[in-house]
Each structure stands twice: as structure tokens, then as C-alpha cells.
Amino acid sequence: MNEIKCNADTGNSVIYTGEKISSFEKYLKGRKTVVITDKNINRLYGNHFSNYPSVVIGTGEEIKSLATVEYIISELIKNGCDRKTFILGIGGGIVTDITGFASSVFMRGVDFGFVSSTLLSQVDASVGGKNGVNAGTLKNMIGVFRQPEFVICDPEMITTLSDSEYLSGLAEVIKHGFIRNSSLLSFISDNRNLILDKDTAVIEKMVFESVKIKTDVVTEDPKESGLRKILNFGHTFGHAVELINGIPHGHAVAFGMICALKLSHSLNYITEADKNYGINLLKNFGYKEDFNIEESDLFDCLSHDKKKSDDKIDFVLLNKIGNAFIEKIEIKELRRWYNDMCSGS
Ligand SMILES: NC(=O)c1ccc[n+]([C@@H]2O[C@H](COP(=O)([O-])OP(=O)(O)OC[C@H]3O[C@@H](n4cnc5c(N)ncnc54)[C@H](O)[C@@H]3O)[C@@H](O)[C@H]2O)c1
């Protein structure tokens, strides 16, 4: 087990990688605790928290809403919770985002922690103190910055995850390698088969390295005023294809990373060999380089991107494998580049 501290002006958090769900009780320190979870986790892991009152929510992005927060708060009130109650979210990114938000507004804020159960939530959603809910179809429009007191990352829980959810998290791990740590990418390449078999030792290592990278970035820039934006590597084109084609998050982010590698090469920031290394690494895990997307749909979507201002977009590029930076690019320039790339010129 490893312990990583994430201390920022949004609060202090300790992330335990390689810890077990069965150990969560010791972190509660005897406080009255209510568990928030979803119906799948309740079915698969409910035996671990059957001694605690629990609020079980549904699954899917539609559940990440203010209506669910209201439901959670009404259940907390029914359970006699007060300012000293501890809230434990057990689940993936939807459960952790909504638990963090509900805990931050219930009685103006009570302490909370997570047992993070998906690869994406262990390496991304649970780290860094962003909590929130969607406003209709607009993602994460309502939220707060506030860190969980602790996060437990149990590699065994990842073995019950569907392959598609697993690949969503893996794309974020690979992203961390591209932006900050080329040796993480070498580890991933060298352990391809074990990774695809969901070997718990390699999962534990990938989670540890990823959490360290995200924690470093978040500690330097907790509220995303600069550096933290590099965590959006692959997400500009990625979010757009996810919205347009409804493809799983991991495949969408991988496609976005491939576009970003190609753009970094076109702008002479990385060599052709580095570009090909990155693309082949992603393709080796089954991520696709092409989706049949109408260019007009793609750029319609990009023009509504949250990272856009004055027709320019904060685009995350690489100047070498393992080092990212942000460049403002005009959307019309990006469109020209995209058309040239698609026509093979
Ligand atoms: N706060 C942040 O910084 C941040 C960062 C990235 C993503 N997010 C958010 O995270 C959310 C996505 O999170 P996610 O990918 O974890 O999805 P999720 O929470 O929807 O979980 C995916 C599915 O897997 C199931 N599941 C969870 N753990 C399981 C396990 N161990 N075994 C079997 N099934 C399991 C869930 O019930 C669900 O059906 C999005 O809403 C996104 O906006 C937040």
C-alpha cells in the first residue's frame, strides 16, 4: 500500500493506492458514517458496508443531477445526520463527483471520503477536489472545489469492471504518461498483456504513478488557472467525438490524443518517430485512429467547447513524449489543419 498526499487550498487529501475496500473502517475513526453508492456497487460489494446506513443511487450521467443531490440530502436528514456525520462515497466517478458535491452543500459542508471503484475514478475523478453535477445535458456545470479527506484505491475492485469502463480509465493513465512521465508509457508498453488481463499488480502500479502525476499538477494549480489544463490532453477532440458519436470515453480520449500527437508533429514540436510511437502504443490497446465523423459536426461541437475564448482554444500539445504545454490555437487554423490531415496532405 502507498500513501500520496494532495495538499492544496481546496483542502488536504490522502490517497491510498493498493489499499482494500475491507479496510475503510479504520479511516472513519469511529465517526457516524453514511455510505453513498450506486446500485451496481451495492450488489457487488454491499456486504462490505452492510453495517452502515446507505443511500443507493442509479447509474448513468442522468443520475448526476441536482435532483439526485436533493434525494441524497433528504436521506441524510432521515438518517439524523448532522455536521459531524462523515459521508463515504463508494463507487466510480459519478458516485464520487455527486458525493463530494452533496457533502459540500449539506449543512454548508461535512467531511467526506471515497472508496474509488473504477480505474477512471482512481486515477482521475477522485483526485484533485473537483465535485459536481450536470445541468441537463451540460456536463459538470454545477460544482465546487473541495478535497475528500481520503481516497481508497483497491486494485481488486477493478477486476469486476467491464472492459469498456476499464479502457476508459486506461486512456487517462496513458494520458498521464504522455503529459508528464515517459517511463510510465514504457511500463504500459512492456506490460500490455498483463494490463489487458487486469493483473492487479500492474493496475496498482499504474494507479500509483497516475495519482502521483495528477496530484503534482493539482497541487501546483488547484483551480485550473494554468498548468492543470494540461490534464485536458486529448480531451478537445475527444469530448467532441464522444458527444457526436456516443463512443465510450476511453476510445474518444484516445482518438483525441492521436489528433494531438499529429498536431504536435505538424507544428514541429515532436518528431515523426515520437508521433508514431504514441499512436502505435494507443492502437496496441485497441483504440481506434479513425471515426467516421463529419468535419462540420466536429467543429460545431468545438466552437461550444468550455476551453474556448475569442474563437481560440487552449489546445494541449506535446514538445516531447512526457512533456505537455498549452497553446492558444484559432479554431479556423485547427479546422484547416484537420482538413489537410484528413485529405492526407
Ligand atoms: N471530478 C473530476 O475531476 C472528474 C474527472 C474525470 C471524470 N469525472 C466524472 O466521472 C464520471 C465517470 O466516472 P466513471 O467512468 O467511473 O463512471 P461511473 O461512475 O458511471 O461507473 C461506470 C459503471 O461502472 C460501474 N462500476 C463502478 N465500479 C465498478 C466495479 N468495481 N465493478 C463493476 N462495475 C463497477 C458503475 O456502477 C457504472 O455502471 C463522469 O461523470 C465524469 O464527469 C470527474
Can you see whether R336 engages N339 through a side-chain donor-acceptor pair at a distance of less than 3.5 angstrom? no
Applying side chain to side chain donor-acceptor pair (under 3.5 Å), name anything that partners N319, two or more places apart in sequence or on another chain. N323
What pairs with V110 under side chain to side chain contact (heavy atoms under 4.5 Å, CB included), at least two apart in sequence or on another chain? I87, S103, F106
Taking only residues two or more places apart in sequence or in another chain, which ones pass ring pair (Phe, Tyr, Trp, His ring centres under 6.0 Å) with H251? Y287
Show me the pairs that pass side chain to side chain donor-acceptor pair (under 3.5 Å) and involve residues 113-122, at least two apart or across chains. S116-S121, S116-S126, T118-S121
With sequence neighbours left out, write down each residue that passes ring pair (Phe, Tyr, Trp, His ring centres under 6.0 Å) with F325, or none if nothing qualifies. Y269
F237: ring pair (Phe, Tyr, Trp, His ring centres under 6.0 Å) partners, not counting sequence neighbours: F315, Y338
Scan for side chain to side chain donor-acceptor pair (under 3.5 Å) pairs involving residues 90-102, sequence neighbours excluded, and state none if there are none. K64-D97
With sequence neighbours left out, which residue pairs that include part of residues 235-250 fulfil the salt bridge (charged side-chain N to carboxylate O under 4.0 Å, His left out) condition? none
According to side chain to side chain donor-acceptor pair (under 3.5 Å), does anything in residues 186-196 pair up with another residue at least two apart or in another chain? List the pairs. none
Can you name the residues that form a ring pair (Phe, Tyr, Trp, His ring centres under 6.0 Å) with F150, not counting sequence neighbours? Y27, F86
For S162, check side chain to side chain donor-acceptor pair (under 3.5 Å) against everything at least two apart and list the hits. none
Row check, F145 ring normal vs K130 NZ/CZ: under 6.0 Å, within 45°: no
Taking side chain to side chain contact (heavy atoms under 4.5 Å, CB included) as the definition, give me every residue that meets it alongside K283, ordered by chain and number, with sequence neighbours left out. I279, E289
